[in-house]
Amino acid sequence: MGMRRVMATVSVCLVAVLAASPAQQRAAAVAPSLPNDPAATKFVDDLMKKMTMEERLGQMEQIAWSGRERQANEGHVRKGEVGSFLNITDAATIARLQHFAVDESRLHIPIIFGFDVIHGFRTIYPIPLAMASSWDPAMVTASQAMAAKEASSVGINWTFAPMADIARDPRWGRIMEGAGEDPFLGAAIAAAQVKGFQGDKIGEAGRILACAKHFAGYGAADGGRDYDSSNISDEQLWNVYLPPFHAAVQAGAGSVMSAYEDLNGVPATGNKWLLHDVLRSTWGFNGFVVSDWDAVKNLQTHGLAASPEDAAARAATAGVDMEMTSHTYRDTLAAGLKDGSITMAAIDTAVRDILMIKYRLGLFDHPYADPAHYTSEILTPEQHAAARLAANRSAILLRNEGGLLPLKKTIGSIALIGPMVDSASDIMGSWSLAGLPQDSVTVLQGLKNKLGPSVTINYTKGVTIDRKQPSIFDEQFPDQKMTLETKQVRDAEFTKAIDMVKRSDVAVLVLGEAHNMSGERASRETLNLPGEQEQLLEAAVATGKPVALVLLNGRPLDILWASQHVPAILEAWYPGSEGGNAVADLLFGDANPGGKLTVTWPRTVGQVPTYYAQNLTQIPDDMTGRYWDGLSSPLYVFGYGLSYSTFTVDDLKTDAASVKTTGTIQVSVDLHNTSGVTGDDVVQIYTHQQAGSASRPRRELKGFQRVHLNAGETRTVTIPLKVSDLGFWSPANHSWAVEPGTFDLWAGDSSAATLHAGFTVTR
Ligand code: NOJ
């Protein structure tokens, strides 16, 4: 055993000892996350008795289909040596490969086909960060159920979603793929997605297997740089980063993906503490674990494994059942068995985990999609309607001075300006791999659909989105130095846009980031509006015309100037295939924005990471004296969002001033719609533990409800607060407990809620 390997083993053990909770020590008593199924167990046991080593390792193999190695891959399938493919979206190819596996392989074991159905398959829904902004888990469930219906219709059985990673740094491009910064909301949204993809039970018709990813800590990459190491204290790991995964597992997620990154010195894909002690022993997870793309092989790149064989043995021993793409299992585990680096028991455990899920999915009985559904379930009117509803419910109104929005359909003309106004690929957002631009409605088209010929729409791009600011771009890419001619064309386009603003009644600027600026490998070192969008916006406002800003983006951006000078700002995120229609609905009041931020919106990039659930510190409310050159308060707080309605919240009550650790408190407030417009608000409750074995965040979300109220309506909203949700993993005791004591309670419609009460928790 090399020195590195010894060190790594020692550090894994050390972490395990440090973090071992009583729950872990009681591991054997933990209930399985999926119900025991004696028929499945018998079927799989009998099957495994017949399997050769090649067939076993085949089940642990997931191949990325590109078509290039078609013959070789088909040969592997016919020999029963492929457990899974990813990235096939074509029904005929899926069916052909499945027939090879089922009809021609010796043991007829079906393949499980995986694909990143992250926010839709062919019909694209809003990006996950947007859907979370709806604070509407039921809508999230419904949307992912629709996505599952489309994907399963072509034979896809498995999605690599939900991404349950907490993200507190908007520089990280994959913040768009999660639910934001908060573990409580993140848990609710992760569970809602699992329910949408899988239904009540794995194997329901028209559903697909969920995969909670990226286990774990991937969202805490140093500097927000995708794939970088995460250094997370045990306290933060247990209390912030793990809860959404635990919720996904409790909701019955049949698979989990091990993350790419190095977590506290032990890469997640070789981290036995994470994949075995936490996931299986503590949480009772009994689905299967797939690695992320090439992550097994990359244990060597990380400097954990000495060779591909060592990487395979470490990942399989740690608890990675299926290897995505890098083939080290197929190529080396048999040799590893001979030289003792891997045990037969570890291989059998992996194969059993995978086959049990294939059985639960019903693949042995129904391996094929129904050809009648190949096209009939795709891009249906129901899909479009659901995508539009989701986009309407996901948007956030950040500012609306003087009630500029909603616009009146009777206006004469609109200047519709911006590089993405008519971009069908940008409106879909990243992770819309099977979505086609021609199936998407751009903002230009959406406004035309809404307004018809009676309103003149003056459209131009104004600017383009460059990879960098032009000046820096010139220095870094001298070959592409802007020619004088290019500059003149650009200037003319800019001037044309501003002229359009001048001669229109109102201007709508659609700005943000091109879709490929967020997502995987798309971190940013600034949060600026890229290119010359900021200058365009400032010039438009300088005309004196009313300007509404619509943002298409996947992360909070630096909009400090806009927040002070642009009267209306609508955060539409990447709203998906129906995005243009939804933006039109929202701009013209056919939909009323009701979304709320699930990430704290910083003033500048220098504030990140910033999040509402910070611990109280020296002079906690001093927002001016911490940075020499700026405020430390965010631009918009977590949970914030406006509406065309106005709401007030009052009369906070609890049904008990004191409650036992096992109890529940009913928290109620009166919510008033004080306007003449029907709309939605989100009631949120936050708590703070005043003293205990460790300091606790100044506020933590512990309950929420999106409420629809008619104009002038008042409703008493009651939210149950489960005292078990006040429990936390104490870094002092290395264990999870609800600690008796005094708690603050706030209720309102953002994390800045001011209605306050208190209660005590007793044993
Ligand atoms: C890599 C990504 O990190 C992961 O989220 C995705 O599911 C896989 N590639 C498969 O595409």
Side-chain angles (χ1 to χ4, degrees), residues 61-67 82-89 94 111-121 124 127-129 144 147-148 151 156-167 172-179 186 190 193-194 197 208-221 224-230 241 244-245 248 253-263 267-269 271 287-299 301-302 315 320-327 429-435 515-516 518-523 554:
E61 161 91 347
Q62 183 179 52
I63 296 178
W65 179 263
S66 68
V82 181
S84 177
F85 281 104
L86 81 157
N87 285 353
I88 315 181
T89 54
I94 291 176
I111 288 168
I112 179 169
F113 292 91
F115 188 66
D116 288 289
V117 184
I118 309 293
H119 52 113
F121 175 56
I124 302 302
I127 58 167
L129 183 62
Q144 298 300 34
I156 289 168
N157 322 111
W158 180 22
T159 177
F160 305 119
M163 189 187 95
D165 294 305
I166 292 294
W172 189 54
R174 297 194 84 169
I175 194 171
M176 56 77 68
E177 204 180 332
Q193 295 195 66
V194 170
F197 289 128
I208 53 181
L209 188 74
C211 181
K213 71 184 186 187
H214 309 81
F215 196 62
Y218 179 47
R225 290 176 298 271
D226 204 10
Y227 312 140
D228 251 346
S229 301
S230 296
Y241 289 89
F245 286 96
S255 69
V256 164
M257 184 185 291
S258 66
Y260 276 133
E261 99 288 348
D262 187 311
L263 173 66
T269 295
N271 195 320
F288 75 89
V289 173
V290 63
S291 76
D292 204 340
W293 186 289
D294 280 356
V296 174
K297 182 183 79 182
N298 285 339
L299 292 181
T301 313
H302 277 288
V320 176
D321 301 308
M322 184 182 280
E323 177 182 17
M324 187 186 282
T325 63
S326 51
H327 315 303
S430 178
W431 289 116
S432 49
L433 304 176
H515 74 279
N516 58 3
S518 59
E520 190 174 346
R521 276 182 85 177
S523 296

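Start at 1 and go down the list; that is how both ligands and their atoms are numbered. Note: hydrogens, waters and symmetry copies are ignored here, and every other heavy atom, side chains too, is used.
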Heavy-atom distance under 4.5 Å between the side chains of Phe115 and Leu433, does that happen here?
yes
Is there a side-chain contact between Trp431 and His119 (heavy atoms, below 4.5 Å)?
yes
Tyr260: heavy atom below 4.0 Å from ligand 1, yes or no?
yes
Judging by distance only, is a nitrogen or oxygen of Tyr218 under 3.5 angstrom from one on ligand 1?
no
Numbering the atoms of ligand 1 from 1, which are under 4.0 Å from a heavy atom of Lys213?
4 (C), 5 (O), 6 (C), 7 (O)
Quick one: which ligand 1 atoms are inside 4.0 Å of a heavy atom on Phe160?
7 (O)
Distance-minimising heavy-atom pair for Ala259 and Ala268:
O-CB, 3.6 Å
So, for Trp158 and Phe288, is the gap between ring centers shorter than 6.0 Å?
yes
Do the non-hydrogen side-chain atoms of Met322 and Ser84 ever get within less than 4.5 Å of each other?
yes
Please state which part of Met163 comes within less than 4.0 Å of ligand 1, counting heavy atoms only: side chain, backbone, both or neither.
neither
With heavy atoms only and a cut-off of under 4.0 Å, state how Arg174 meets ligand 1: side chain, backbone, both or neither.
side chain
Return the residue, atom name and 0.1 Å-rounded distance of the protein heavy atom closest to atom 9 (N) of ligand 1.
Asp292 OD1, 3.4 Å
Is the distance from the ring center of Trp172 to that of Tyr218 below 6.0 Å?
yes
Protein contact of atom 10 (C) of ligand 1 - nearest heavy atom, named by residue and atom, plus distance:
Asp116 OD2, 3.2 Å
Is there side-chain contact between Glu177 and Lys213, with heavy atoms separated by less than 4.5 Å?
yes
Could you see which bit of Asn87 sits under 4.0 Å from ligand 1, with heavy atoms only: side chain, backbone, both or neither?
neither
Can you check whether Trp431 has an N/O within less than 3.5 Å of an N/O in ligand 1?
no
Taking C-beta and beyond as the side chain, do Asp292 and Met324 meet within less than 4.5 Å on heavy atoms?
yes
Taking only non-hydrogen atoms of His214 and a 4.0 Å limit, the atoms of ligand 1 in range are 3 (O), 4 (C), 5 (O)
